[in-house]
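I have placed the structure first, in the form of structure tokens, so that the comments after it can refer back to it.
FYI, side chains are in, hydrogens and waters are out, and symmetry mates aren't considered; it's all heavy atoms of this structure. Note that the structure is a prediction, hence the values are computed from the model and not measured. Chain letters run A, B, ... following the sequence lines, proteins first, then strands; residues in each count from 1.
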Protein chains: 2
Amino acid sequence: MHEPDGERTSVTQRAVESVKAMIADGEVGPGERLPTERDLSARLGVSRSSMREAIRALTTLGVLEARHGAGVYVTALRPADLLETFSVLAEVSQGRTLLEVLQVRRMLEPAATALAAARASDAQLDRLGALLERMDGEPDTFCADTVSADLGFHQAIVESTGNATLAAINEGLSSRTFNARVWAGHREAGLTAKLREDHVLIHEALVARDPDAARAAATTHVMRVERWLGADLARDAS
Amino acid sequence: MHEPDGERTSVTQRAVESVKAMIADGEVGPGERLPTERDLSARLGVSRSSMREAIRALTTLGVLEARHGAGVYVTALRPADLLETFSVLAEVSQGRTLLEVLQVRRMLEPAATALAAARASDAQLDRLGALLERMDGEPDTFCADTVSADLGFHQAIVESTGNATLAAINEGLSSRTFNARVWAGHREAGLTAKLREDHVLIHEALVARDPDAARAAATTHVMRVERWLGADLARDAS
DNA sequence: CACGCCAAGTGGTCCGACCACTTTGGCATG
DNA sequence: CATGCCAAAGTGGTCGGACCACTTGGCGTG
């Protein structure tokens, strides 16, 4: 990290830096096409294998996008592109980290919900209402759709803030597999009913454009989930 | 995303999924060593090139770590490992996204600072005080150390919450290059003095273990930075 | 003019060789 | 016997070239 000079560095890594520099210098802009892998490797003086590994690295970072037979393109470089890797955290996280992720959500979601109360458009509020009804219409059984609907509801709220970066981060912290795991042990009791009530309160606060109420409702909701998960983790402590 | 079946998928991608599955199934745990590239490629029925690209992908995601001549290891899978890629966002972000990142920080830092007020240990508070003095001792000139010290101060606060995930996310949103860019146009005037005053207020609130005051001070601080950056971006609008 | 096919060019995969580095165990040295 | 060195084995890193799979655009056919 703090090494003053650039001593020895892998060939592939140099290729990565070169491409990043090309983008930073505006040599290739978002959405534009890069030179051929063969061209790039020749220009940078590396083998095509190494060049491919460099491209693979930038692809997994969401900076580049390779289209088979068509070429390699720079993505739009939107936050959503670059933060997609985020979901990996939620995928492999366990125990303590899971709680930590929820704690971060407890910081973000209330603030985001409050912001949404001030910024959401009427159309966005209508969409939220529709999502809410869809969730109400379903039976009290646990299924993939339940998780999906809950996810969609919260994601729609965060998107209503108009902050794409925030939405991308929150989405990463709320990956499908993550939520499925949280819900797994809690399909019983009146949990679903309570969550629905929370959602209704949040929606009402948004429609009333009341940031304070929205913040409070969102906080309560996340705390509820966090509490259940905490009890669950404490039970089967590793 | 929603395609029902797993039709065609790249060989490399399958290799990535296989390794992820190995980790998820506990076949290899954090810190343990994976089979050799040659073994893995043979076992999964792919070429070593593709296997290497898969490993490269997981390496850039922070899941694996390759040591030249020694083998490929699974990282500790700590949040810090997996969120390192985050800094890429701050590196390539421009204009609007920069503001959005700051908006997210304005949501996170106050909450984190308030939490730190309740949780920080005496040793951590002492360290914060030392960092503060170090910043005070420096002249009012803009240099890399100024950015570095500011970064360290805020990072130390967030780490005091004991939430490693939160710390990793915040670090990603506060990368060195990001801050350098924010500061670039504002080395003049009494900016440095004002920021110092903010830091002192935050530190006092932490020492007093006053969450409310800490939240307020942190909010003020981030808003100040956000406001300056906003004016800057509005000036040289693209 | 519209349609469909084909060839050129691109990324995707595979192979085999060699290089650079780490590790280890045995050998020579004290 | 203890110590340190060094060579060999094994690992990831790089290379070059071949071939496959796919997209694209233009050409020829109806």
>> Would the distance check show the side chain of Thr75(A) and the main-chain N or O of Glu65(A) forming a donor-acceptor pair, the cut-off being under 3.5 Å?
In response: no

> Can a side chain N or O of Thr12(A) be found less than 4.0 Å away from OP1 or OP2 on dT14(D)?
Replying inline: yes

> Rounded to whole angstroms, how far apart are CG on Leu40(A) and P on dG12(C)?
Replying inline: 13 Å

>> Is it the case that the side chain of Asn170(B) and the backbone of Ala167(B) share a donor-acceptor pair, with hydrogens and angles ignored and the cut-off at 3.5 Å?
In response: no

> Between Arg67(A) (CZ) and dG25(D) (C1'), how many Å, whole number?
Replying inline: 17 Å

> Between Leu166(B) and Met107(A), does a side chain to side chain contact (heavy atoms under 4.5 Å, CB included) hold up when you go through it step by step?
Replying inline: CA-CA 10 Å; Leu166(B) 174 62; Met107(A) 295 177 180; 3.7 Å; yes

> Which range-with-range stems can be found for DNA chain C when each stem has 3 or more Watson-Crick or G-U pairs in a row and both distances sit under 3.5 Å?
Replying inline: C:1-30 with D:1-30

>> Nearest whole Å is fine: how far is dG13(D) P from His68(B) NE2?
In response: 6 Å

>> Using 0.5 Å steps for rounding, measure from the OG1 atom of Thr60(A) to the CD atom of Gln13(B).
In response: 10.0 Å

>> Please report the distance, rounded to the nearest Å, between CD in Gln13(B) and C1' in dG12(C).
In response: 13 Å

> So do Arg127(B) and Leu132(B) actually touch side chain to side chain, heavy atoms under 4.5 Å?
Replying inline: no

> Which is it for Arg48(B) and Leu40(B) under the side chain to side chain contact (heavy atoms under 4.5 Å, CB included) test, yes or no, and what are the steps along the way?
Replying inline: CA-CA 8 Å; Arg48(B) 195 182 158 211; Leu40(B) 275 176; over 6 Å; no

> How is Arg33(B) classified with respect to the nucleic acid when contacts are heavy atoms under 4.0 Å: base, sugar-phosphate, or nothing?
Replying inline: sugar-phosphate

> Of the candidate nucleotides dC14(C), dT23(D), dG11(C), which contains the atom at the shortest distance from the side chain of Ala70(A)?
Replying inline: dT23(D)

>> If you take any heavy atom closer than 4.0 Å to DNA chain D, which residues from residues 41-57 of chain B end up in contact?
In response: Arg48(B), Arg52(B)

> Would you call the rings of Phe153(A) and His199(A) parallel, tilted or perpendicular, where under 30° means parallel and over 60° means perpendicular?
Replying inline: tilted

> Salt bridge check: are Lys20(A) and Glu27(A) linked by an N-O gap of less than 4.0 Å?
Replying inline: no

>> Under 4.0 Å, counting only non-hydrogen atoms across every strand here, what does Arg38(B) touch: a base, just sugar-phosphate, or nothing?
In response: base

> Whole-Å distance between dT22(C) P and Glu65(B) CD?
Replying inline: 13 Å

>> From C-beta outward on Ser10(A), which listed nucleotide comes closest to its side chain: dC15(D), dT24(D), dG13(D)?
In response: dG13(D)

> Within the distance-only criterion (no hydrogens, no angle test), does the side chain of Thr36(A) pair as donor or acceptor with the backbone N or O of Asp39(A) below 3.5 angstrom?
Replying inline: no

>> Nearest whole Å is fine: how far is dT11(D) P from Leu64(B) CG?
In response: 17 Å

> Nearest-Å distance, CZ (Arg14(A)) to P (dG13(D))?
Replying inline: 15 Å

